[in-house]
Amino acid sequence: MNFLVFLFFLSVILVANGQKPNIVLFLTDDQDELLGGIVPMGKTQRLIANKGVIFSNSFVSTPLCCPSRSSILTGRYAHNHGTFNNSINGGCNSHEWQTVHEKNTFAVHLQKNGYRTFYAGKYLNKYGTGKNGSHIPPGWDWWFGLHGNSVYYNYTLSVNGTNHYFTDQYLTKVITKHWLTRMLPEVLPDDLISKLDQFQEMRWETLLSVDDLVESLIEELEKKLLLNNTYVIFTSDNGFHLGQFGLPWDKRQMYETDIRVPLIVRGPNIPEKKLMTSPVVNVDIAGTILDMAGVRYDLDSFDGLSFLPIANTTLPDSRHRSIVIEYRGESNSIDIDPQCEHLIGDYGIKGCHFEAACKCQDSHNNTYNCLRKISDPDNFIYCEFVDSEYFAEFYNLVEDPYQLNNLAHKIKETTSHERVHQLQEALTALSLCRGINCHKT
């Protein structure tokens with residue numbers, strides 16, 4: 001029995017061999033859904049999406065690299081695995097992670113059940129040390145680190161081609177959103193908007209190279225007569241914003257731009273060209289992989305729900321779901337561009353770049369818990385911020401898909417206290433949930 005895992009700088013790939021199903025997971029970094037992140041990947045669409053299931057409501061529970069990858073590996077929400085952001089203080093590769101949660105990833109379960117595992121690329125938010133490196137995380141037979149690319153924004157895999165996809169319809173003057181979005185300037189300058197266009201072109205060019213990687217791996221599986229017994233999952237660890245709500249570029253926000261990600265799956269008994277509207281979240285991936293491998297596990301050990309049962313049927317999907325979106329903001333006064341003189345000495349902000357009009361990527365009070373619910377007839381997000389304003393945001397995505405009208409104050413003023421209490425109670429329950437208690441709608 002062989003089970004091979006490959007993480008490619010923007011992608012994670014899991015590959016397997018043997019009588020049990022092989023499993024391949026591609027995990028890209030910062031690949032959005034709302035700006036058409038999957039559009040340039042024609043080969044991936046042809047080889048995975050057209051051969052399997054497209055999940056149109058796929059989310060990440062924490063829209064940032066390290067916590068999202070931690071949730072994928074453990075099947076746990078951030079409040080249970082303790083990784084809230086990319087810093088060690090925020091739990092990323094912390095002592096608690098290494099001594100507790102790292103020993104309970106899906107890779108460990110697979111190894112115990114006869115699978116061989118291989119992982120290559122960036123682990124959590126750091127690169128590996130090679131096959132014979134001094135530290136190989138538990139659960140991996142091999143770990144190979146890919147080098148030569150930057151930590152966050154990487155376009156080194158680009159190939160020829162340009163795509164003018166970004167338009168000014170996403171640029172919005174923000175007056176009813178939380179503090180970080182209200183940093184001046186409210187409207188981004190023209191030269192920065194032009195830069196964002198260039199960023200989008202480079203992002204799409206990079207994805208063309210990832211598209212080639214997907215094709216080469218699937219062709220190799222087919223050549224070795226393994227493809228028919230292989231599950232292939234393609235998704236991203238978080239979305240991305242480029243100008244929406246007056247924010248230049250990054251993730252870490254609770255808006256659909258940052259929490260929605262592509263998710264497509266093909267494999268044994270999974271019907272072709274099926275569209276699934278059931279909401280799924282990244283904490284579901286660990287249990288799904290174990291389901292695919294035929295590994296029994298305690299449902300209460302995972303906060304997520306396997307999506308294999310709804311993927312491998314031709315029946316319409318009808319799963320309703322409430323999920324929690326949670327993030328704990330970072331601050332780092334060292335990470336402030338010296339040219340942003342008016343921000344020097346502010347210890348509550350992070351990632352403030354002159355080329356981004358000195359609008360910061362994060363702040364200490366960019367800390368929130370959200371209730372994201374998709375069911376008939378509900379489709380909304382309700383968020384509470386941990387800040388001095390006790391700020392709240394509520395968006396009805398049926399009527400307001402671009403999240404332009406924050407109705408939080410309106411529902412408090414015009415609806416009964418019972419409705420507000422229900423939202424707060426449901427959010428509190430999900431923010432503290434564990435195991436099967438997280439599956440309740």
Run His101 and Ser70 through side chain to side chain donor-acceptor pair (under 3.5 Å) and show every step you take. CA-CA 9 Å; His101 306 295; Ser70 300; over 6 Å; no
Is atom CG of Asn269 surrounded by more than 12 heavy atoms (other residues, nucleotides or ligands) closer than 6.0 Å? no
Which residues pass the salt bridge (charged side-chain N to carboxylate O under 4.0 Å, His left out) test with Glu96, not counting sequence neighbours? none
Cys360 and Cys352 SG atoms under 2.5 angstrom apart: yes
Go through it in stages, so that I can follow the logic: the residues are Ser363 and Asn365, the test is side chain to side chain donor-acceptor pair (under 3.5 Å), and I'd like the CA-CA distance, side-chain angles, deciding distance and then a yes or no. CA-CA 5 Å; Ser363 62; Asn365 60 3; 2.7 Å; yes
Between Ser306 and Asp291, does the side chain to side chain donor-acceptor pair (under 3.5 Å) criterion hold? Intermediate values first, please. CA-CA 7 Å; Ser306 169; Asp291 255 6; 2.7 Å; yes
Going by the side-chain contact (heavy atoms from CB on, under 4.5 Å) test, name the single residue among Asn282, Thr83, Asn238 that passes it with Pro67. Thr83
State, yes or no, whether a side-chain contact exists between Phe307 and Phe55 at a heavy-atom distance under 4.5 Å. yes
Presence of salt bridge, Asp32 and Arg260, under 4.0 angstrom: no
Per the side-chain contact (heavy atoms from CB on, under 4.5 Å) rule, which among Leu397, Leu371, Asn396 passes with Ile381? Leu397
Are Arg69 and Asp29 within salt-bridge range, i.e. N to O under 4.0 Å? yes
Which word best sums up how the rings of Phe380 and Phe394 line up, parallel for under 30°, tilted for 30 to 60°, or perpendicular for over 60°? parallel
Checking Ile264 against Val53 for the side-chain contact (heavy atoms from CB on, under 4.5 Å) test, could you report, in this order, the C-alpha distance in whole Å, the side-chain angles of both residues, the deciding distance, and whether it holds? CA-CA 6 Å; Ile264 51 179; Val53 174; over 6 Å; no
Short N-O contact, Arg252 and Asp362, less than 4.0 angstrom: yes
Using a 6.0 Å cut-off, check whether atom CZ of Arg328 has over 12 heavy atoms from anything other than its own residue. no
Between Lys359 and Glu186, does any side-chain N to carboxylate O distance fall below 4.0 Å? no
Given Tyr390 and Phe385, is the ring pair (Phe, Tyr, Trp, His ring centres under 6.0 Å) satisfied, shown in steps? CA-CA 6 Å; Tyr390 300 98; Phe385 284 77; over 10 Å; no
With no hydrogens and no angle check, is any side-chain donor or acceptor of Asn104 less than 3.5 Å from a backbone partner on Val100? yes
Let me see the working for Leu110 and Leu290 under side-chain contact (heavy atoms from CB on, under 4.5 Å), right down to the final yes or no. CA-CA 7 Å; Leu110 290 168; Leu290 295 182; 3.9 Å; yes
Is there side-chain contact between Lys43 and Leu213, with heavy atoms separated by less than 4.5 Å? no
Mutual orientation of the aromatic rings belonging to Tyr395 and Tyr255 [parallel < 30°, tilted 30-60°, perpendicular > 60°]: perpendicular
Take atom CD in Gln422; do more than 12 heavy atoms of anything else shown fall under 6.0 Å from it? yes
Does the His79 side chain pair with the main chain of Cys433, one donor and one acceptor, at a distance under 3.5 Å? yes
Check: Thr235 main-chain N/O paired with Thr28 side-chain donor or acceptor under 3.5 Å: yes
Anything under 30° is parallel, anything over 60° is perpendicular, the rest tilted; go ahead and classify His409 against Phe391. perpendicular
Do Lys177 and Phe245 meet the cation-pi criteria used here (NZ or CZ under 6.0 Å from the six-membered ring centre, within 45° of the axis)? yes
Taking 4.0 angstrom as the limit, do Glu389 and Arg182 come out as a salt bridge? yes
Looking at Thr367, Leu64, Asn369, Ile259, which one forms a side-chain contact (heavy atoms from CB on, under 4.5 Å) with Tyr327? Leu64
Quick note, salt bridge (charged side-chain N to carboxylate O under 4.0 Å, His left out) partners involving residues 278-289, not counting sequence neighbours, are Asp284-Arg321
For a quick test of reading the model, state the closest non-hydrogen atom pair linking Leu34 to Thr257 and the distance between them. CD1-N, 3.6 Å
Taking the side chain from Ser236 and the backbone from Gln31, do they hold a donor-acceptor pair closer than 3.5 Å? yes
is_close_aromatic(Trp249, Phe199), centroid dist under 6.0 Å: yes
So, Asn85 versus Ser87: side-chain donor-acceptor pair below 3.5 Å or not? yes
